[in-house]
Every structure is written in structure tokens, then in C-alpha cells.
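For reference, positions follow the sequence shown, starting with 1. Ligands are counted one by one from 1 in listed order, and the atoms in each one are counted from 1 as well.
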Amino acid sequence: MARTLAQLRADIDAVDRELLALLNKRATFANEVGEIKRAEGSPVFRPEREAQVINGLQAANAGPLKADNVATIWREIMSACRALEAPQRVAYLGPAGTFSEQAAVQFFGSSIEHVPCVSFDEVFQAASAGTADFGVVPVENSTEGVVTRSLDLLLTSPLHIVGEISLLVRHHLLRKDRSLEGIQAVLAHPQALAQCQGWLSKHLPEVERRAVASNAEGARLAAQHPEWAAIAGERAGSEFGLHIAAHAIQDDAFNRTRFAVLCLPQVLAAPQASGRDCVSLVVSVPNRPGAVHDLLVPLKQHGVSMTRFESRPAKSGQWEYFFFIDVQGHPSQPHVAAALADLQRLAAFYKLLGTYPAGD
Ligand SMILES: O=C(O)C(=O)C[C@]1(C(=O)O)C=C[C@@H](O)C=C1
């Protein structure tokens, strides 16, 4: 005979008690791991280990839970266990409600100490000076291309990249009012204004577009000025009590932003190989014909795939460029190590930005 709702709920309660006991048992082990790490002076956060745990569980998952849900649940479990070992302070472009905050929480789980900053420069500063253990900054958007300030800061910063996360970015027009009537200015971060320019030109062609330090800052101001609207995500809307006057106004429905997770090498050295890794580097070449082509030859020769190639002016006034390159693999793999060594030999300037488990 089929069980009743009350019986099923009693069964769920019993399973929850078992899960709770098991989770606490797991947390006790993590605490012990924390003691060993403290004695060794080794880092608490081990992204490659977390990636292995999640990949292993997804492979073993018999369902009906979906693989994505397994990842989300264990990311939170490991976040809570990590916080017991030592709280991890994470800097990002604030205030509360930004996509950067969402990226930080999605990457580290919600058991972190938030360090909201007013600019990307301040995020780099916080993580370099030790006010935060990690920094999270956007590096690339699928509509607008690279986030130039982040790349410029990476070039000279002592921080290195230890992880990446990509978010689907949906921008809404947020306002005290639900209508588009009487809007005098639209406030957002310049990146968001650029990502929504098609919609703005069509629906609010006469309205001033005002750049502010972050989308959440725009939302905060729009909450105080009913004649202003902000472009931001849902998180910022609920944070500041705004309505969505127009939904998903970004020009590209699949608009994504990739964030880099940064820290000092003393906080966390390059993560070990997770099985699906990425290496980011920046190089420059002498200003002569064929130099860029020559630079890429070692990658082909050693069978290393390049997933990104971006140029930034070197600001020397000489039409010289820095090239930001991502390749697949880990330097512990001989073909990757050989390609990187050749690249380093050919480049006038070479800086390894980081080696980390590849994001989604
Ligand atoms: O295995 C470790 O090093 C742990 O500290 C345990 C644990 C986990 O909860 O599984 C927690 C934090 C680390 O980032 C990796 C994994």
C-alpha cells in the first residue's frame, strides 16, 4: 500500500537526522584536517581537492538528484567545513547585490567573510595587503569583451589566479516604480550600460545614461531617487527594494561574465592538477614582423590548446602590446611545461598569471 504524506514526512525527518549526524561527523574530520594544516602552516582552501570531491561524487551519483544539484550541495557543505578550519575573507566589488558578490558566493559557498570594495583596484589592494585572503574580479564578458582594468591590474599585481567562475548575467531595469514613464537617468556600471545599449537606444533613447561605480551602487541611488532607474541583477533589486520595470534587457540573451579568483602565493600556491585545468599567462613580443606568429608555434608543436588570446596596449606609445593567453592543461604535464618553457624563451616579457581548475 502506498505510504501516506505523514509517513513519507516521517521518513524524510529520519533521513535528515542521519544526514545531520553524518555532516557533523564530516565537519569533525575537516576540523582535524584544519589542525594538521595549522601545524604545517599549509593553506585551508584547496580548490583542486574540492574539484576532485565534486567530480567523484558526480561520477558516483545514481540519481534521482541531478549532477548540478550534487555540485551545489557539496560546494555548500565544503564551504561550511572550510569555515570551521578558518574563516576565508573574500574581497569583491560591492556593495551587497553585485554580480561580483554572486560570483564570490557561487565559487566559495556562502560560509565566507564578505569584504565588499568600492573598485577593482581596492579588491586587488585588499587581497595584496592581507585585509582579505582572496579577491574576485570580472575579467571577461561575452558581449563586451575583456574587463580592461582587471587585466591591467593583473599585469603588475603580486596576486595570482587560483580559480575561475562564469556567471550568466541577466540585467534588469530596476526602479521604485514599475513603469518606464518619467525616467530621467539610467544608472549602472559602464560595462552594464554597454551590455544593454541596444535596449536603451530602443526603449529609452532620450534618457541620460550615467556611469556609476557598480550596478548595486546604481540600485542604491535609484532607491532614493524615484525619477532614476538602475540596471542591475535581481540580487541588487531585492537588496534595495526595487521593482523590475523591464526584465532581462541585456542585448545578448546568453550574456556571461567570467571572474578570476585571486590571492597571494603565500595564501595559496598554484593548485595541483585537478584533471581539467587552465594556465593563464601574459607575454609581450619584440616589435618585429612574425613575432606574434612565432610565439604561438610552440603551442601547436606541443599540442597545447589555446582557449583565449587577448591583446592590451603596453602604453609605451610604440604600438606594443601585451598578450593575455589561456591554455588548457597543467604545468605538471610534460607537453604543457615544454610549451610554456619555449614561450618564455621567445617572449620579451613573460608572466605566469596562474594555474587553476577550469570553471564551467
Ligand atoms: O581536504 C581538505 O584539505 C579539507 O580541508 C577538507 C575540505 C572538505 O570539506 O572536503 C575543506 C576545505 C578544502 O578546501 C578542501 C576540502
Side-chain angles (χ1 to χ4, degrees), residues 16 18-62 65-92 100-115 126-127 130 132-137 159-167 259-280 330-332 354-360:
D16 282 346
E18 279 177 50
L19 277 176
L20 182 63
L22 286 172
L23 287 173
N24 276 313
K25 191 169 169 187
R26 189 187 194 286
T28 315
F29 293 151
N31 251 332
E32 286 178 36
V33 170
E35 277 164 31
I36 294 175
K37 288 178 180 170
R38 251 190 309 282
E40 287 179 354
S42 66
V44 166
F45 179 49
R46 300 287 170 87
E48 76 286 355
R49 169 66 186 154
E50 296 196 9
Q52 274 164 6
V53 170
I54 288 176
N55 294 341
L57 288 167
Q58 285 183 321
N61 178 34
L65 277 183
K66 294 197 179 105
D68 277 0
N69 300 132
V70 169
T72 309
I73 293 166
W74 260 270
R75 220 168 274 133
E76 273 302 321
I77 292 173
M78 288 192 283
S79 179
C81 288
R82 216 192 300 129
L84 286 177
E85 292 182 33
Q88 306 290 293
R89 298 159 305 165
V90 184
Y92 54 83
S100 292
E101 183 191 58
Q102 194 181 328
V105 168
Q106 217 153 301
F107 186 84
F108 287 100
S110 51
S111 300
I112 51 168
E113 274 182 25
H114 293 236
V115 184
D133 302 300
F134 296 94
V136 175
V137 289
L159 304 175
H160 67 154
I161 307 176
V162 290
E164 67 170 3
I165 178 152
S166 153
L167 291 189
F259 293 82
V261 180
L262 312 165
C263 69
L264 286 172
Q266 302 88 288
V267 173
L268 177 64
Q272 289 156 13
S274 72
R276 221 172 60 81
D277 300 282
C278 185
V279 181
S280 292
H330 191 275
S332 61
T355 301
Y356 48 92
D360 300 329

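Remark: ligand 1 atoms within the under-4.0 Å shell around heavy atoms of E85 are 4 (C), 5 (O), 6 (C), 11 (C), 12 (C). Close approach to C81 involves these atoms of ligand 1, each under 4.0 Å from a residue heavy atom: 9 (O). Taking a cut-off of under 4.0 Å to the non-hydrogen atoms of V33, the atoms of ligand 1 that pass are 2 (C), 3 (O), 4 (C), 5 (O). Close approach of ligand 1 to F45 (heavy-atom distance below 4.0 Å) involves ligand atoms 14 (O). Atoms of ligand 1 lying under 4.0 Å from any heavy atom of M78, numbered from 1 in the order shown and given with element: 8 (C), 9 (O), 10 (O).
Among R75, R46, E50, the residue whose heavy atom lies nearest to atom 12 (C) of ligand 1 is E50. When R82, R26, R49 are ranked by how near their heavy atoms come to atom 10 (O) of ligand 1, first place goes to R26. Remark: among candidates Q88, E32, K37, the nearest residue to atom 3 (O) of ligand 1 is K37, based on non-hydrogen atoms.
Heavy-atom separations between V44 and ligand 1 include at least one value shorter than 4.0 Å.
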*Walk me through it: do Y356 and H160 pass the test side-chain hydrogen bond (donor to acceptor under 3.5 Å, both in side chains)?*
CA-CA 10 Å; Y356 48 92; H160 67 154; over 6 Å; no
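With rounding to the nearest 0.5 angstrom, the CG atom of L20 is 5.0 Å from the CG atom of N24. With rounding to the nearest 0.5 Å, the separation of CD in E76 from CD in Q106 is 10.5 Å. Summarising the geometry, atom CG belonging to N55 is positioned 13.5 Å from atom CH2 belonging to W74; distances are rounded to the nearest 0.5 Å.
No side-chain heavy atom of F45 sits under 4.5 Å from any side-chain heavy atom of V267. At least one side-chain heavy atom of P47 sits under 4.5 Å from a side-chain heavy atom of L268.
By the 6.0 Å contact criterion, CD on Q272 is open, its count of non-hydrogen atoms from other residues, nucleotides or ligands being 12 or less.
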